[in-house]
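Structure first, then comments.
Here is how names work: the chains are called A, B, and so on, in the same order as the sequence lines, proteins then strands, and each is numbered from 1.
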Amino acid sequence: MNRLSFGWALPTYSVVLYAFLYLPIVVIVLFAFDAKSIPGLPLEGFTTDWFAASLGDARLVGSLLTSIRLALLAAVLSTALAMPAAMVLAWRPVRMKSLVLCLVLGPVVLPQLVLGLGLVVLFRAAPDLVGQPAIVLAHTTMTSSYATLMLYSRFLGFRRSYIEAAMNLGANEFVTFREIILPLIAPALIAVLLLAFTDAFGEFVVAWFLAGFTETLPIAIWTSLRQVISPKIYALSAVVILVTLAVSVSAQIWILGQSRRESEP
Amino acid sequence: MAMPGSPRRRTSLTALLPTAGLLPLVLWQIVFFVVPVALIVGLSVWRRENYRLIPDFTFNNYAAILARPAIWRALLLSAETAAFVTVVCAVLAYPVAYFIAKKAGRWRGLLLVAVIAPFWVSIVMRVAAWRLLLGERGVINQMIMALGLTDEPLSFLLYSPVSTAIGLIYAYLPLYVLPLYAAISNIHDSWIDAAMDLNASPARTFFEVILPLSAPGLVVGAVFCFVFGLGEFVTPALLGGGKQLMFSQVIQDEFQRRLDWPSGAAMAVVLLVLVFASLALSMKWIRRASGEAA
Amino acid sequence: MTELSPNAVELRAVSKVYGASTAVREVSMEIPRGAFVTILGPSGCGKSTLLRMISGFVTPSSGDVLIDGVSVVGAAPYERDTAMVFQDYALFPHRTVAQNLAFGLRMRKVAKAEIERRVEAMLELVNLSGFGDRRVSQMSGGQAQRVALGRALIVRPAVLLLDEPLGALDLKLRRQMQAELKTIHRDLGLTFVAVTHDQDEALTLSDRIAVMNGGALEQFDTPENLYRRPATRFVADFVGNANLLEARLGADGRVEAQGLPLALFLTPAQRGGRAAGAAVALVVRPETIAVGAAAPESHDGRVEARVEEIMFSGANQQIVGRLPDGRRLTAHQSAALPAPERGANAVFSWPSQSVWLVDA
């Protein structure tokens with residue numbers, strides 16, 4: 001039986017597309033190691049000086065640390081908001097469920113520009129929060145949507161009989177949560193935490209509107225893009241990108257493996 | 001043994017748990033999502049006098065912005081770019097989604113994750129990389145010139161709607177592969193086999209079986225691409241140059257440089273209406289399509 | 001606790017209503033301590049809902065549930081002295097076999113040494129000695145079933161609930177587990193309440209069977225009574241195979257089976273106090289029917305029918321006859337007996353004392 005095979009065309013095309021997807025990343029990593037101070041072809045020579053230079057740049061490193069700190073806060077906050085909500089949405093009958101889902105998932109489809117401007121107006125009422133607190137609040141709003149969505153589907157796939165078995169054997173709601181639910185969803189929770197962190201870490205538009213004098217790494221890069229870019233930006237970006245890829249890939253493979261394990265009897 | 005009163009007390013306590021679980025997130029989203037959007041909508045009917053905001057209920061802002069040809073140009077450019085990007089993404093993403101769903105065997109998980117992974121890299125870094133690639137002295141131009149294809153660098157590659165489109169296609173491709181993959185992997189191989197077994201040619205099998213069955217994925221992907229493309233800000237701001245502005249850039253300019261918040265808010269509301277209209281339209285389609293299936 | 005009720009479980013007119021549909025309708029039942037009771041019925045008959053009302057996962061809309069003589073309506077599952085064997089076993093995948101077994105004891109704050117001792121004993125009881133440190137994902141279907149059973153038994157519940165306990169096993173394993181389950185029940189003397197749609201399983205395992213249909217309890221009786229003296233047409237049809245012949249009670253104890261030349265004389269017990277003229281259905285079990293050229297002397301119920309189909313199934317043969325009015329009659333008889341010729345007419349006959357009546 002001759003299935004639709006397309007011979008070599010499909011795999012070849014896929015290779016080209018993956019190349020397109022990873023081309024910009026390869027270019028950044030490439031220039032991070034190039035000796036030339038104004039990036040361009042041809043490559044001049046291999047050096048790791050730019051990595052040292054970027055680590056010596058107090059402003060750059062400061063923005064990196066700020067980003068890490070703020071993203072960590074947003075990730076923890078959004079996961080903490082998302083987990084109980086996703087649990088209720090997946091397991092309990094909720095009145096006006098579609099309205100609640102719209103409310104929770106709205107930030108996904110709302111243009112970031114509009115959310116950013118709206119928050120600018122909102123924080124006029126609380127000017128003291130502009131800067132780091134405002135960025136954390138905004139990023140939590142955005143990432144909690146994704147976090148809720150991911151945890152919601154995880155909880156939908158969770159076998160209810162585990163919970164019933166535990167309660168049947170004498171565990172109350174809280175013990176059941178601690179002994180059964182939490183250990184079983186821990187991988188998904190960690191994956192969601194990692195993805196929320198990655199999302200908040202890289203977000204630019206809303207942070208830029210609310211930054212005040214705060215400088216996150218995306219803001220620092222944006223600012224430097226207005227001038228000729230020093231390769232040390234690329235060096236730092238290369239590190240961040242590779243870490244981001246490693247984190248997001250492992251988080252997603254983790255989620256994938258989880259759902260596969262759960263679907264087996 | 002349980003005391004007579006205790007079960008009832010427990011019931012009332014656990015009855016509160018769903019509310020307690022949902023409330024923090026709902027409150028949070030009301031304060032930091034609903035209220036900001038409401039503020040923008042509210043601001044759009046205020047007026048501005050001598051750089052001061054005055055509460056009002058007027059549609060003058062809308063009338064004023066819709067009278068400006070620059071607004072229409074930006075709106076059109078945004079819509080055109082978003083539509084173009086959507087179509088290109090669909091065409092580029094489909095074969096890959098098909099490959100991952102049907103041909104990749106045990107690699108499908110890894111390949112799928114590999115498609116999405118670049119999406120998690122900060123948009124600013126991705127755009128910075130495209131500047132390296134597309135600039136007059138960028139990688140692509142130098143390679144083209146080294147190959148002797150042209151003598152002069154292609155100047156339209158950067159700071160033009162072309163570069164914006166390339167950046168957006170790059171950014172949204174992963175978003176399109178995902179729903180397509182989901183739709184295509186729901187198509188049973190036996191259906192494809194059945195069509196072929198009934199002597200349909202590969203082309204007819206594709207157009208009469210596979211493509212209609214992957215329509216939900218195509219629509220969902222298109223909605224996301226188009227909606228995100230309409231409101232995208234970073235990519236056009238960094239790659240598009242300053243000559244031909246997209247709608248989001250005009251909004252930002254109105255807010256931050258001209259400081260005319262009511263007008264900017266009115267533009268933002270126009271953007272919102274467009275976004276939600278496309279969402280509503282696609283939802284209606286999806287509901288109708290799934291209604292037919294049921 | 002002042003007086004010990006003789007019933008482990010008592011249901012008093014429990015109903016469960018979901019919106020417009022009624023899952024369980026006014027079911028009353030007394031389950032004696034130490035009994036093995038099976039709730040039997042087709043899918044959607046409300047049997048699982050009934051079980052879940054006993055375990056506490058479903059709150060009845062009305063009526064009362066008593067465990068050991070005490071009302072438990074409103075009490076959470078973890079406040080009830082019940083333990084359940086789930087259909088999908090619901091073994092905690094992040095725990096070993098021994099940890100699964102120990103779970104209920106830990107929740108009851110049993111001392112550690114005691115837990116270890118009882119887990120060991122339970123592993124032995126369910127034939128899994130040495131498997132304590134295995135992951136549950138490494139267990140085969142039959143082994144997982146034993147772990148699930150052990151995890152519920154170990155807490156020595158007032159009632160052990162089994163939700164389609166053997167449904168996931170293949171036929172051979174199911175037979176073997178049925179025997180083990182029966183032995184365990186006898187040895188431990190606990191009250192077992194099982195739910196199943198498999199009538200063979202119900203008949204084999206139980207002391208008493210509750211047959212449910214459409215949310216209502218049709219009959220709650222011993223397997224033998226259920227089979228020989230079904231209370232309703234549904235029970236007669238659902239439990240075992242039955243030929244149901246529409247008939248009318250005659251004045252003198254005869255039965256007129258609508259055009260059939262039947263001369264059956266029924267005892268008052270068989271008539272069940274029905275008045276003459278009542279519309280009934282005759283329940284004639286296939287294995288009571290003899291097929292041949294003539295009827296044996298003792299068989300006073302006789303009809304002639306054309307042999308339509310003969311199906312051989314090892315020890316038995318199933319003979320389907322068609323009556324002149326189009327109705328079918330099925331007989332089971334030993335394959336050792338000579339088979340009638342297909343297409344030929346034969347006499348189908350049965351003794352009147354083997355007949356039972358249900359309301360039409």
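Here the CE-CZ distance, from A/Met142 to B/Phe33, works out to 11.0 Å after rounding to the nearest 0.5 Å. Separating the CD1 atom in A/Ile253 from the CG atom in B/Leu110 is a distance of 5.0 Å, to the nearest 0.5 Å. Rounding to the nearest 0.5 Å gives a distance of 12.0 Å between OH of B/Tyr98 and OG of A/Ser14. The CE atom of A/Met83 sits 12.0 Å away from the CG atom of B/Leu25 when rounded to the nearest 0.5 Å.
Using a distance-only test at 3.5 Å, with no hydrogens or angles considered, a donor-acceptor pair links the side chain of B/Tyr170 to the main chain of A/Leu21. At least one donor-acceptor pair closer than 3.5 Å links the side chain of A/Tyr22 to the backbone N or O of B/Ala114. Looking only at distances, no side-chain donor or acceptor of A/Arg92 sits under 3.5 Å from a matching main-chain atom of B/Thr19.
Within the 4.5 angstrom heavy-atom criterion, no atom of A/Leu99 approaches chain B. Looking at B/Ala38, there are no atoms closer than 4.5 Å to chain A (heavy atoms on both sides), in backbone or side chain. Using a 4.5 Å cut-off between heavy atoms, B/Val96 touches chain A through backbone and side chain atoms alike. With a 4.5 Å cut-off on non-hydrogen atoms, A/Trp208 touches chain B through its side chain but not through its backbone. Both the backbone and the side chain of B/Val26 come within less than 4.5 Å of a heavy atom of chain A. Neither the backbone nor the side chain of A/Arg95 comes within contact range of chain B; no heavy atom of the residue lies under 4.5 Å from a heavy atom of that chain. Of the two parts of B/Phe32, the backbone and the side chain both hold a non-hydrogen atom closer than 4.5 Å to a non-hydrogen atom of chain A. Heavy atoms of A/Leu17 lying under 4.5 Å from chain B belong exclusively to its side chain. When heavy atoms are compared at a cutoff of 4.5 Å, B/Leu53 approaches chain A solely by way of its side chain, counted from C-beta outward. Both the backbone and the side chain of B/Leu111 come within contact range of chain A, with heavy atoms under 4.5 Å apart. Of the two parts of B/Leu92, the backbone and the side chain both hold a non-hydrogen atom closer than 4.5 Å to a non-hydrogen atom of chain A. Heavy-atom distances place both the backbone and the side chain of B/Phe99 under 4.5 Å from chain A. If you measure heavy-atom distances from B/Leu230 to chain A, you find no contacts under 4.5 Å at all. B/Glu232 does not touch chain A: none of its heavy atoms, backbone or side chain, sits under 4.5 Å away. Residue A/Val121 touches chain B through both its backbone and its side chain, counting heavy-atom pairs closer than 4.5 Å. Of the two parts of B/Val115, the backbone and the side chain both hold a non-hydrogen atom closer than 4.5 Å to a non-hydrogen atom of chain A. For a residue to count as touching a neighbouring chain, one of its non-hydrogen atoms must lie under 4.5 Å from one of that chain's; by this rule B/Val35 touches chain A with the side chain only. Of the atoms belonging to A/Leu110, it is side-chain heavy atoms, and not backbone ones, that fall under 4.5 Å from chain B. Using a 4.5 Å cut-off between heavy atoms, B/Phe255 contacts chain A through its side chain alone, with no backbone atom that close. For A/Leu217, the part lying under 4.5 angstrom from a heavy atom of chain B is the side chain only.
Among B/Leu43, B/Val227, B/Leu173, the residue with the largest count of heavy-atom pairs under 4.5 Å with chain A is B/Leu173. Ranked by heavy-atom pairs under 4.5 Å with chain A, the list B/Lys102, B/Met267, B/Arg126, B/Gln256 is led by B/Gln256. For the set A/Val247, A/Val249, A/Leu117, the count of heavy-atom pairs under 4.5 angstrom toward chain B peaks at A/Leu117. The choice from B/Ile123, B/Val113, B/Ile251 that makes the most heavy-atom pairs within less than 4.5 Å of chain A is B/Val113. Interface remark: of the candidates A/Pro24, A/Pro93, A/Gly202, A/Pro24 forms the most heavy-atom pairs closer than 4.5 Å to chain B. Contact count versus chain B (heavy atoms, under 4.5 Å) is highest, among A/Val100, A/Val94, A/Thr140, A/Leu89, for A/Thr140. Listed options A/Pro107, A/Ser237, A/Gly116, A/Ser248 were ranked by heavy-atom pairs under 4.5 angstrom with chain B; first place goes to A/Pro107. Among the candidates B/Val127, B/Val34, B/Leu238, the residue making the largest number of heavy-atom pairs closer than 4.5 Å to chain A is B/Leu238. Highest contact tally toward chain B, considering only A/Leu119, A/Leu115, A/Val27, A/Val205, is held by A/Leu119 [criterion: heavy-atom pairs under 4.5 Å]. Heavy-atom pairs under 4.5 Å with chain B were tallied for A/Ser78, A/Pro111, A/Ala82; the largest tally goes to A/Pro111.
The nearest pair of heavy atoms linking A/Gly118 to B/Leu39 is O-CD1, 4.2 Å. Of all non-hydrogen atoms in B/Trp120 and A/Thr244, the two that sit nearest each other are O-CG2, 3.4 Å. For the residue pair B/Val124 and A/Trp222, the shortest heavy atom distance occurs at CG1-N, 3.9 Å. When all heavy atoms of A/Leu225 and B/Ala128 are compared, the closest pair comes out as CD2-CB, 3.8 Å. The nearest pair of heavy atoms linking A/Leu113 to B/Gly231 is CB-O, 4.3 Å. Minimum heavy-atom separation, A/Ile28 to B/Met125: CD1-O, 3.6 Å.
Remark: the A/Ser144 side chain and the B/Trp28 side chain contain no N/O donor-acceptor pair separated by less than 3.5 Å. For B/Ser122 and A/Glu203, the side-chain atoms include no donor-acceptor pair closer than 3.5 Å.
Environment of CZ in B/Phe207: sparse, with no more than 12 heavy atoms of neighbouring residues, nucleotides or ligands closer than 6.0 Å. In the displayed structure, A/Phe123 atom CZ is contacted under 6.0 Å by more than 12 heavy atoms of other residues, nucleotides or ligands.
In this structure, B/Trp107 has its ring center at least 6.0 angstrom away from the ring center of A/Tyr18.
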